[in-house]
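Here's the structure, in structure tokens; my notes come after.
This one's a predicted model, so the numbers in the text were calculated from it and none came from an experiment.
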Amino acid sequence: MATKPPTEDIDESKLRIGERERSAVGVPAVMHALKISIEQMGVLRSAQTLLRVNQKSGFDCPGCAWPEEDHRHAAEFCENGAKAVAEEATVRRVGPDFFARHSIAELREHDDYWLGQQGRLTTPMLLEEGGTHYRPIGWDAALEEIAGALRGLDDPDQAVFYTSGRTSNEAAFLYQLLVRGLGTNNLPDCSNMCHESSGSALNQTIGIGKGTVSITDIHEADLLIVAGQNPGTNHPRMLSALEKAKEKGATIIAVNPLPEAGLFNFKNPQTPKGVLLGGTKLADDFVQIRLGGDQALFQAIGKHLLEREAQEGGVLDHDFIDGHTAGFAEYAAHVAALPWEPLEEATGLTADRLREIAEIVRRSEATIVCWAMGLTQHKHSVPTLREIVNVLLLQGNIGRPGAGVCPVRGHSNVQGDRTVGIYEKPAEAFLAALDREFGFTAPRKHGYDTVEAIRAMRDGRVRVFMGMGGNFVSATPDTRVVEQGMSNVGLTVQVSTKLNRSHVVHGRRAIILPTLGRTDRDRRGGVEQRVTVEDSMGAVHGSRGRLAPPAEDLLSEVAILTRLCELVFADRPGAPRADWRGLESDYSAIRGHISRVIPGFEDYDARIDKGRTFFLPNGPRDERRFATANGKANFTANPLEYPVIPEGRLLLQTLRSHDQYNTTIYGKDDRYRGIHDGRRVVLINPADIRELGFAEGDVVDLVSEWNGPAGFEERRAEEFRLVPYDTPRRNAAAYYPETNVLVPLDSTADVSGTPTSKAVVVRLERR
Ligand SMILES: Nc1nc2c(c(=O)[nH]1)N[C@H]1C(S)=C(S)[C@@H](COP(=O)(O)OP(=O)(O)OC[C@H]3O[C@@H](n4cnc5c(=O)[nH]c(N)nc54)[C@H](O)[C@@H]3O)O[C@H]1N2
Ligand SMILES: Nc1nc2c(c(=O)[nH]1)N[C@H]1C(S)=C(S)[C@@H](COP(=O)(O)OP(=O)(O)OC[C@H]3O[C@@H](n4cnc5c(=O)[nH]c(N)nc54)[C@H](O)[C@@H]3O)O[C@H]1N2
Ligand SMILES: [Mo]
């Protein structure tokens, strides 16, 4: 039977530290997922739901953006996918009675775990200025208030519209149309904090801001480098693909400061080998790199390949380099001139070791590099990723089978949201097509990204904030500044499935609009609608929920947006024109609009019919066509950068535990890392504990030190326990979002503007 939500916050005094695990998934993963599913949904609903994840007639898993395999198992099992589903399909409810019982002040005192565990939102709620409690408000009144606030702005740039990556293509397309119809491009999204660095680096070098491989390429690669990623926790289905690649003879190199369990061994619960025997060994080589050392690693690989080419030839793909690339000579001269010492210093590896790794790359017939947040959330992330492209270009490893770049996306539709227009810096071609389709003129001035939006809120320049999903307050850097910024806003609106901190840290007035998730049945205009999403490899497919929604009158994101468009644009001169009601009752009509605006979506509706999937065009992958300014794939010469850690300080990376989905905390354990019943821990090298004068288990404050534009600044996160861990010297790790208070707003990646969540300078202070 489903259980009641927790009544208490996480009690950190119960923390237990056990052994770190050496392999991922296996039977314990199945048991853990079933336990959470049954707690949230009960037995029957668990069975109904879990059988439908990622099936052809079912819903797209809201867990991550890793693609489906062609041949789906009856129920392809993924522990964290199951947890993501249970979290949404829970039978617990947060309705008007809940908000009557709990004041905002009381809710604010609770942690993110407690808030998220209360259940699904059922009713639109309004908080009046100075009010102590949210009160129910009808759908029409809520939407009219929002539309009134938007129409009342003196300048559309006074509004900010955030998107998280679960929003469907259909809803995201309508959302950007609402925003551009109002006259602004203020469309910050979670991608700004996530793979923005990947987009920045890839657009410049290969002319597309996405990966260039398919799932078949992963199976067929000769060498897979998995850098800055913890797939055992965050993309568990990737482990089956890695297993398949291994069975076909691939070599895997894992590059990470931490020996993450999922990189080493995979016990596939679908095979006898995984259940009964030892599982499959994954990484052949573990490269324990220093935080931020990856640019140096890839420069060292490039340097070695060029040296070997000079010595004996046969290393480089000259036809590819001559025919498809530019900038080779400058790049080659640049890495040739780099001394080995700084490369050793940055990576923490000897020149011999770096050459040994480069030799594996030299011997590979087809190489894929996969990465996630460990590579995108550093100051020098963009040059780091350009360096990966350099290495791949040397051997012609783009645009042929088993080779390419593979940025592994996070949220299940974050890539699709960008494709359909959620972007603060839209391309002219997209805007021109939008203008034609809807008979208006979209604004050309670029809008705010996430960090710029926070600055504008802090400085009192934002009058309306709307969040299409996500949890802006907990996900963004510099929590105190964000909280203050939120309180400056006149009206904050959150379209959400679950309660979170962004509901209790709010503007002068605040509205919560509950909405449907992926698992919910969506009946509009008398028919069951489906939506579409794009996975991390550019494949688009339909998703249809089957469960009874948490409330009868719940509106989908699409319906909320069509109604807002109608209210905001009615009789507004120069606004986009469309049959808003028609779109609400037939989502295929939205797909019709998309198909006329965005290349690659021709015949959209027919191509997703009957559970089919189609691939969006991908120039580099499909035909080695590079839509860069010069029509070539570009080598780049990037000055070496790496973090310098001041004396007596640590470099802190903020990461995910096994029991969380970003700011949603499913449970209190990080099983693979041996952390149980608590989250306020710092993983730290035991020698650093001693050198800094502490003992294992000591409780400390983390104080971040930042020399910013305004001079030296400190930020504090209180009461973290020191846990000795196998991490490089002076490289520590702690969980997000508890540590977001420490990340300075102005500490962002060059070019992409992504907060440097994997590199925060901290000192430890005794409590
Ligand atoms: N269950 C679950 N699934 C998720 C999520 C979740 O929270 N829970 N989140 C989703 C989202 S939005 C995203 S973006 C992805 C995130 O997926 P990941 O990027 O795997 O998530 P993180 O926990 O941030 O892990 C970062 C990894 O990079 C390593 N790392 C950190 N710094 C460096 C570095 O400088 N160099 C190298 N080589 N490695 C480094 C860390 O040790 C860690 O293993 O997962 C998605 N899937
Ligand atoms: N320090 C630090 N900060 C980070 C990161 C880090 O590694 N370290 N990672 C960054 C990354 S990669 C990302 S992607 C961001 C994530 O930032 P967000 O995407 O903003 O955060 P989430 O925690 O995924 O959002 C969870 C909320 O989304 C709502 N929700 C869930 N499903 C749906 C749905 O279908 N529709 C709607 N409307 N709402 C829904 C629920 O109410 C839930 O509370 O955080 C970033 N912040
Ligand atoms: Mo992400």
Side-chain angles (χ1 to χ4, degrees), residues 94-96 98-116 118-139 141-150 152-153 158-164 186 188 190 448 450 453-515 560 564 662-664 737 740-741 745:
V94 172
F98 173 92
F99 287 107
R101 274 200 312 277
H102 303 283
S103 70
I104 304 283
E106 185 201 329
L107 292 174
R108 267 195 195 214
E109 293 303 311
H110 284 294
D111 59 21
D112 287 332
Y113 168 69
W114 189 95
L115 292 173
Q118 299 307 308
R120 283 287 297 272
L121 296 158
T122 62
T123 313
M125 304 296 297
L126 167 73
L127 180 67
E128 312 245 14
E129 185 159 359
T132 56
H133 291 70
Y134 273 101
R135 285 212 300 263
I137 177 176
W139 277 104
L143 294 172
E144 270 157 28
E145 161 138 7
I146 299 164
L150 294 177
L153 298 171
Q158 295 168 333
V160 163
F161 299 85
Y162 176 68
T163 315
S164 166
N186 285 345
C190 67
Y448 302 140
T450 294
I454 296 167
R455 289 193 185 115
M457 290 159 73
R458 175 196 63 194
D459 299 342
R461 287 182 277 130
V462 177
R463 287 173 54 194
V464 179
F465 173 96
M466 180 162 176
M468 184 53 64
N471 181 1
F472 192 84
V473 172
S474 286
T476 50
D478 226 344
T479 314
R480 297 293 163 257
V481 176
V482 177
E483 289 172 343
Q484 184 241 319
M486 273 283 179
S487 69
N488 289 341
V489 176
L491 175 67
T492 50
V493 178
Q494 304 289 350
V495 181
S496 314
T497 53
K498 304 285 294 278
L499 187 66
N500 67 44
R501 190 147 307 276
S502 301
H503 304 122
V504 297
V505 175
H506 49 74
R508 287 194 296 284
R509 286 170 76 83
I511 291 178
I512 301 175
L513 298 180
T515 194
I560 289 170
L564 276 177
N662 299 336
T663 70
T664 298
N740 286 41
V741 283
L745 187 63

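- Considering only heavy atoms from C-beta on, L150 comes within 4.5 Å of V464 through its side chain.
- Of all heavy-atom pairs spanning T476 and V482, the tightest one is OG1-CG2, 3.3 Å.
- For the pair L143 and L564, the minimum side-chain heavy-atom distance is below 4.5 Å.
- You'll find the side chain of I454 reaches within 4.5 Å of the side chain of P477, heavy atoms only.
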- Test log, rule side-chain contact (heavy atoms from CB on, under 4.5 Å), inputs H503 and L107: CA-CA 9 Å; H503 304 122; L107 292 174; over 6 Å; no

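- A pairwise comparison of heavy atoms in A159 and L153 identifies CB-CD1, 3.6 Å as the closest pair.
- Q494 is not listed as a side-chain neighbour of N500, based on a closest heavy-atom distance of 4.5 Å or more.
- With T122 as reference, P96 is the one residue of P96, P136, P514 to meet the side-chain contact (heavy atoms from CB on, under 4.5 Å) rule.
- When all heavy atoms of T663 and S474 are compared, the pair lying nearest together is CG2-CB, 3.6 Å.
- S103 OG to E109 CD: the interatomic distance, rounded to the nearest 0.5 Å, is 9.0 Å.
- The structure places OG1 of T123 at 14.5 Å from CZ of R135, a figure rounded to the nearest 0.5 Å.
- No side-chain heavy atom of H133 sits less than 4.5 Å from a side-chain heavy atom of M125.
- Judged by distance alone, with hydrogens and angles left aside, the side-chain atoms of R120 form no donor-acceptor pair with the main-chain N or O of G95 at under 3.5 Å.
- Partners of R509 by salt bridge (charged side-chain N to carboxylate O under 4.0 Å, His left out), not counting sequence neighbours, listed by chain and number: E128, E145.
- Note that CD of E144 and CH2 of W139 are 13.5 Å apart. Values are rounded to the nearest 0.5 Å.
- You'll find the side chain of T515 reaches within 4.5 Å of the side chain of T497, heavy atoms only.
- With sequence neighbours left out, Y448 forms a ring-ring contact (aromatic ring centres under 6.0 Å, His included) with no residue at all.
- Separation of atoms CD1 (I512) and CD1 (I137) is listed at 11.5 Å; rounding is to 0.5 Å.
- Side-chain contact between T492 and M486 is present, with heavy atoms from C-beta onward closer than 4.5 Å.
- Judged as a ring-ring contact (aromatic ring centres under 6.0 Å, His included), the pairs with a partner in residues 469-496 (not counting sequence neighbours) are, in order, Y162-F472, F465-F472.
- Side-chain atoms of R508 never come within 3.5 Å of backbone atoms of E129 as a donor-acceptor pair (strictly under, hydrogens ignored).
- Considering only residues two or more places apart in sequence or on other chains, F99 meets the ring-ring contact (aromatic ring centres under 6.0 Å, His included) condition with Y134.
- Applying the salt bridge (charged side-chain N to carboxylate O under 4.0 Å, His left out) rule to pairs touching residues 487-499 yields E87-K498, sequence neighbours excluded.
- Taken from OG in S496 to CE in M468, the straight-line distance is 9.5 Å, to the nearest 0.5 Å.
- For W114, the ring-ring contact (aromatic ring centres under 6.0 Å, His included) criterion is met by H102, H110, not counting sequence neighbours.
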- Query: How far apart are the C-alpha atoms of L491 and I511, what are their side-chain angles, what is the distance that settles it, and do they pass the side-chain contact (heavy atoms from CB on, under 4.5 Å) test?
  - Reply: CA-CA 8 Å; L491 175 67; I511 291 178; 4.2 Å; yes

- Item | Audit row: L513, I146, side-chain contact (heavy atoms from CB on, under 4.5 Å) steps and yes/no | CA-CA 11 Å; L513 298 180; I146 299 164; 3.8 Å; yes

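- Without hydrogens or angle criteria, N488 side chain to D459 main chain gives no donor-acceptor distance under 3.5 Å.
- In this structure a side-chain-to-backbone donor-acceptor pair under 3.5 Å is present from N471 to S502.
- Across I104 and V504, no two heavy atoms sit closer than the pair CG2-O, 3.7 Å.
- Across V160 and P188, no two heavy atoms sit closer than the pair CG1-CG, 3.8 Å.
- The line from CG of L121 to CG of L499 is 6.0 Å long, rounded to the nearest 0.5 Å.
- S164 and G469 get closest at one heavy-atom pair: CB-C, 3.6 Å.
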